[in-house]
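The shown structure was predicted, so the numbers you read here are calculated from the model rather than taken from an experiment. Naming: A, B, ... by sequence-line order, numbering from 1 per chain.
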2 protein chains.
Amino acid sequence: MSKYSISDIAEICGVSKSTVSRVINNKPDGVSEKTKNRVLKVIDELNYRPSLLARSVATKHSELIGLIIPDISNLFYPEIIHGVSTYLAKHGYSMILAHSGYNQETEKELLLSMVDKRVDGVIICSGISNEEFLKEYKKYEIPLASIGRTYDNYLSDLSISGDNVKGAKLATRKLLSTGNTKIALLSGHSEVAGTKQRIEGYKQALNDAGIEFDKNLVFHGDYTIESGTKMAEELIKSKTEFTAVFGGSDLIAIGAIKALNRAKISIPDEVEVMGFDNIYLSEVFEPPLSTISKPHYDMAVEISRKLLCLIQGKTDLIPHFIIEPQLIVRNTTK
Amino acid sequence: MSKYSISDIAEICGVSKSTVSRVINNKPDGVSEKTKNRVLKVIDELNYRPSLLARSVATKHSELIGLIIPDISNLFYPEIIHGVSTYLAKHGYSMILAHSGYNQETEKELLLSMVDKRVDGVIICSGISNEEFLKEYKKYEIPLASIGRTYDNYLSDLSISGDNVKGAKLATRKLLSTGNTKIALLSGHSEVAGTKQRIEGYKQALNDAGIEFDKNLVFHGDYTIESGTKMAEELIKSKTEFTAVFGGSDLIAIGAIKALNRAKISIPDEVEVMGFDNIYLSEVFEPPLSTISKPHYDMAVEISRKLLCLIQGKTDLIPHFIIEPQLIVRNTTK
DNA sequence: TTGAAAGCGCTAACAT
DNA sequence: ATGTTAGCGCTTTCAA
């Protein structure tokens, strides 16, 4: 801990705490140049650093923002973290990062721990949230923003997300357009809202094309490479006919590619593969993955911007924003 | 903010603040069951949450740990974050995450901002630190741990890192063992200490094998895929003969693979490729990359554990720890 | 078992 | 331009 307090500095300089407070906060009404310099000099010599904790209890704001993510090993999230952290740092805020592990109970506790820490706002990436609890959470009056999921009843004050239904439709349609009728769907975490929406989009596209939905082509796992591989292996083993694979996320699609490679099934000639998310890895992977794009980094920056606006009292923001998904054709589709 | 303070709760319950404080802190000396239950009930009904900020200024510890990383888009760091965050959460601490962007000045400011926030300790991943400043930093008396770099003069209280020289030697020797004599080195961020050590290991291995060091085989960039691609392209364009590529990191090696692929150079038949770090991506990439392993996640957990021990007053720790590097042979070497 | 009082390090309203 | 005072929400020592 810093060895000196504002009182120490005041005493040593022979001024009052208020004066010291004024100089460390660069108050406009001001202090005479002379005393200011004297105080500054002592501060510098003693390496005094004002306690932001103490300041926060006095001012009732902490310049702290909580970010809650499910699991950083989903490469989707580092991009979010990067965006949030970069924007916040630029504006004098710090970020407390925590992992919910896709666990509703953990998420609840984290949300509460954020109020204990008196953060000025929280950003949550989830889709698994307990809506009941989110409703309760409002009484703590701490601005809540969410990425990746627009809560149906606007349980968060702010949100930004991709249109999952539309995105999945786009992906499926692309696959249909090159003649595929047997499109396997390798799906993620079924509790997550976005997952259901993607399944819905897939179904709609099939329906629009007059193709019957086939249960045997749908597999459920989670949003990891390993799970993608496992689901694809099951698919292959099941002997169900298929000519395309739509992964619920890029990670799943990449896992599937690994399984297809091992089974000597060539991509995209024998089987086309489509991802979802357009994470950085999808671009650098070999072969580069066709996918549906949502600009995560930009979404993270944008939601951070709005959150700070909200905290600073702006109320004329568009609170809920849905990003138009975009088809990215790379090498795993024809 | 929480609408109620400890005084409010005390007043409503008709007890003193001390009593409320005792129950929220579960003090052993205790409060009678009856009053305890009464207080608990009011707390619950009013959704009172004690302010950790206020508590921290009173107790002089914050249960906050700062983690400073250069750049999260180096996939090395999410693994570190995961390890640190997981361990800390399990032990009641929270993590403030910040990015230095490989910038010495930024790092300095972040370090100071951590003392302003009165964190109980900081973990820094860098190698670019200003040693002069690190020395000064000691006077703030906040425990400092570093990952990935053992500061020469023990400028941090705790450290854990891989042996870069030995690791690079191991990698180079493996490449030499299959008859390669023209081994290109694609190196990262030259300001980073680990970079120099890896170059040193490479040189030593060549020297041990009686092979002359060839400047034309060494390229300098940074620790990204893009940089790896660029360096490999330059290498290819330079017409310098080579039969193996040693990347200063997995990301660089992967970038190089992309360039080699494009140039229709087959791996590992025509050119062998070796990475460094063994990040998760190196395992899932196609082809899976041969590399040198350092167990990041475990290192992160271990340093977190030691840091909390140190904070809690244990002094009999082994402060500086070097992890033995391990050769991982996958598909990019013979 | 409980309370009173002082203190943690800061800000802010009001005086001067 | 500067100081006085009270207050932020908590803990902790001491006394009852």
Does [X] make a side-chain N or O approach to OP1 or OP2 of [N] shorter than 4.0 Å?
X	N	result
B:T35	C:dT1	no
A:Y48	C:dC10	yes
B:K17	C:dA5	no
B:S16	C:dG3	yes
A:K27	C:dA12	yes
A:K36	D:dA1	no
A:T19	D:dG3	yes

Give the rounded distance in Å between these two atoms: [atom1] of [X] and [atom2] of [N].
X	N	atom1	atom2	value
A:R49	C:dC10	CZ	C1'	15 Å
B:R55	C:dG9	CZ	P	18 Å
B:L53	C:dC10	CG	P	14 Å
B:N25	D:dC10	CG	P	10 Å

With a non-hydrogen cut-off below 4.0 angstrom, is [X] in contact with a base, only sugar-phosphate, or nothing?
X	result
B:S7	nothing
B:S18	base
A:S32	sugar-phosphate

Examine the side chains of A:K90 and A:T86 and answer whether a donor and an acceptor come within less than 3.5 Å of each other.
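Not at all, the side chains of A:K90 and A:T86 share no donor-acceptor pair under 3.5 Å.
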
